[in-house]
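Naming convention: chains lettered A, B, ... in sequence-line order (proteins, then strands); numbering from 1 in each chain.
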Number of protein chains: 2
Amino acid sequence: MSTPDLTAALAATHDIWMRTNDLLTQALAGHRLTPATFQALWALDPDEQPPSMKVMAERLYCNAPNLTFITGQLVERGLVERAVDPQDRRSRVMVLTPEGRRVRAELLRTALEVTPLAALSGEELRSLTALLGRVARPA
Amino acid sequence: MSTPDLTAALAATHDIWMRTNDLLTQALAGHRLTPATFQALWALDPDEQPPSMKVMAERLYCNAPNLTFITGQLVERGLVERAVDPQDRRSRVMVLTPEGRRVRAELLRTALEVTPLAALSGEELRSLTALLGRVARPA
DNA sequence: TCCATTGCTTCGAGACTTGAAGCATTCACG
DNA sequence: CGTGAATGCTTCAAGTCTCGAAGCAATGGA
C-alpha cells in the first residue's frame, strides 16, 4: 500500500463530494432543502420498499434522534410521509410522496450535472465505479 | 456519459467519505475534535507557507464567519495560532503549533488506517488516484 | 487625501447532531 | 398466558456548525 496514493485518493474523495455539495447549494435552496435533507431524500429509492427509520439511520451514518429531525423536515416540506410498518407496529417507514419523487429526481439530475465527476469519459467512469464499488457499502 | 455509472460513482464517493468519518469519530473525540475541525486541520499542510483565512475558506468550501469559528476551536485546543501576514496586515494566517503538527499527523495516520479505501491494492489505488486527480481540485 | 475595496471578526438566527430519558410495541421465558 | 427485558422511535436539552448582515482595520486607486 502506498501512503501518498491513499492520502491523495481520500482527499480527492472528500473534495469531490464537498464541491458537488457546494455547486448544488442553490438548487437545494430552491426547494428549501440542505445537504443533510437532500442526502436523506437521495437515500430513499422510489423503486424499493419504504425503509424503516432504523435502516435509514444506518444508511446515513446518523443516530435515531437525528433522523427523526431530518425526517421531520422532509415531512414538513411534503416530500415524505411516515407510515406504521404493519409487520412491526413499533417501526415507522419513510414513504416518498409524489412530490418527493419529483423533487428527488430533479435534484439528482442536477447533482449529476454539476459534479466534477461528470468531466470523466464513459470509460473512465466505468473504471472508477468498478474500483469504488469494491469498497463502498453495497447499495 | 453513463448516468447509472455516474450516479454510482458519486454515491460511492459520498459513502466512502461518510464511512471514513464515522470510523474516525472516536479518534477525533480523543482530541476533542469533530469532522469540521479535523477537516481544517488536515487542510493545513505543515510543509507549506501558512495559508490565510481567505485561502483556507476556499479550500474548505466555507465562508469567512464559519472559518473564524472553526479556527477559534483549533486555537482554543492549542493546535493552531493566528498570525498577522506582514505582507498585508489585514490578513491573518493559520500557523500549526508543534502540538498541531503532532495531532494532525496522528489523526491522518488513523484516517488512512480506517478508510475503506485502504482495502484497495497498490495498483488499484494508483488507478483511482489518477482518475480522481483528473477532476478533484489541484492540491 | 478620500473613499471604495478587501480581509477578517462579531452578532444573531437557524440548522444539525448528540446523549439521556420516555413511550409503545414486541419478544423471551417461566 | 403474564411479566420483564429488549427494540424502535420520539422528545428534550445542550452543544456544534453554518450563514447573512453589520462592523472594524488596513489597503489601494483616483
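Going from atom CE of B:M53 over to atom P of D:dT18 covers 14 Å, rounded to whole Å. One interatomic measurement links the two molecules: CG of B:L41 to P of D:dC17, which rounds to 13 Å at whole-angstrom precision. Summarising the geometry, the separation between CZ on B:R89 and C1' on D:dA25 is reported as 9 Å, rounded to the nearest angstrom. Between the CG atom of B:N21 and the C1' atom of C:dT17 there is a distance of 13 Å, given to the nearest Å. Rounded to an integer number of Å, the gap from B:L74 CG to D:dT16 P is 13 Å. Here the C1' atom of nucleotide D:dT10 and the CE atom of A:M56 are 17 Å apart, to the nearest Å. In this structure, B:R32 atom CZ and D:dG15 atom P are separated by 14 Å, rounded to whole Å. Distance, A:L28 CG to D:dC19 C1': 15 Å, rounded to whole Å.
Put simply, B:R90 has no side-chain N or O that comes within less than 4.0 Å of OP1 or OP2 on C:dG7. The shortest distance between the side-chain N/O atoms of B:N66 and the OP1/OP2 oxygens of D:dC17 is not below 4.0 Å. Taking only side-chain nitrogens and oxygens, A:N63 comes nearer than 4.0 Å to OP1 or OP2 of C:dG19. OP1 or OP2 of D:dC17 has at least one side-chain nitrogen or oxygen of B:Q73 nearer than 4.0 Å. Phosphate contact (OP1/OP2 of C:dC8, side-chain N/O of B:R92, threshold under 4.0 Å): absent.
Mapped onto DNA chain C by nearest heavy atom, A:Q87 and A:L67 fall at different nucleotides, with A:L67 at the one closer to the 5' end. Residues B:P65 and B:F69 both approach DNA chain D. Their nearest nucleotides, taken by heavy-atom distance, put B:F69 toward the 5′ side.
The side-chain heavy atoms of A:L120 and B:L6, taken from C-beta on, include no pair separated by under 4.5 Å. Counting heavy atoms from C-beta outward, A:D22 and A:M18 have side chains that stay 4.5 Å or more apart.
Looking at B:T110, its side chain does come within 3.5 Å of a backbone N or O of B:E106 through a donor-acceptor pair.
The minimum heavy-atom distance linking A:L24 with A:L107 is given by the pair CD1-O, 4.3 Å.
Of the candidates D:dA26, C:dT17, C:dC8, C:dT17 carries the atom nearest the A:I70 side chain, counting heavy atoms from C-beta on. Counting only heavy atoms from C-beta on, A:T68 has its side chain closest to D:dT11 among D:dG8, D:dT11, C:dT26. Candidate nucleotides D:dC9, D:dC17, C:dT9 were compared by shortest atom distance to the side chain of B:T34, and D:dC17 ranks first.
Note on A:R82: only backbone sugar-phosphate atoms sit closer than 4.0 angstrom, heavy atoms only; bases stay farther off. As judged by a 4.0 angstrom heavy-atom cut-off over every strand, A:A36 is placed among residues touching the sugar-phosphate backbone only. Across all strands, A:S91 comes closer than 4.0 Å only to sugar-phosphate atoms, never to a base (heavy-atom distances). Across all strands shown, A:D85 has no heavy atoms under 4.0 Å from either base or sugar-phosphate atoms.
For the pair A:R19 and B:E58, the salt-bridge criterion is not met [side-chain N within less than 4.0 Å of a carboxylate O].
Rounding to the nearest 0.5 angstrom, the gap separating the OG1 atom in B:T68 from the CZ atom in B:R82 is 6.0 Å.
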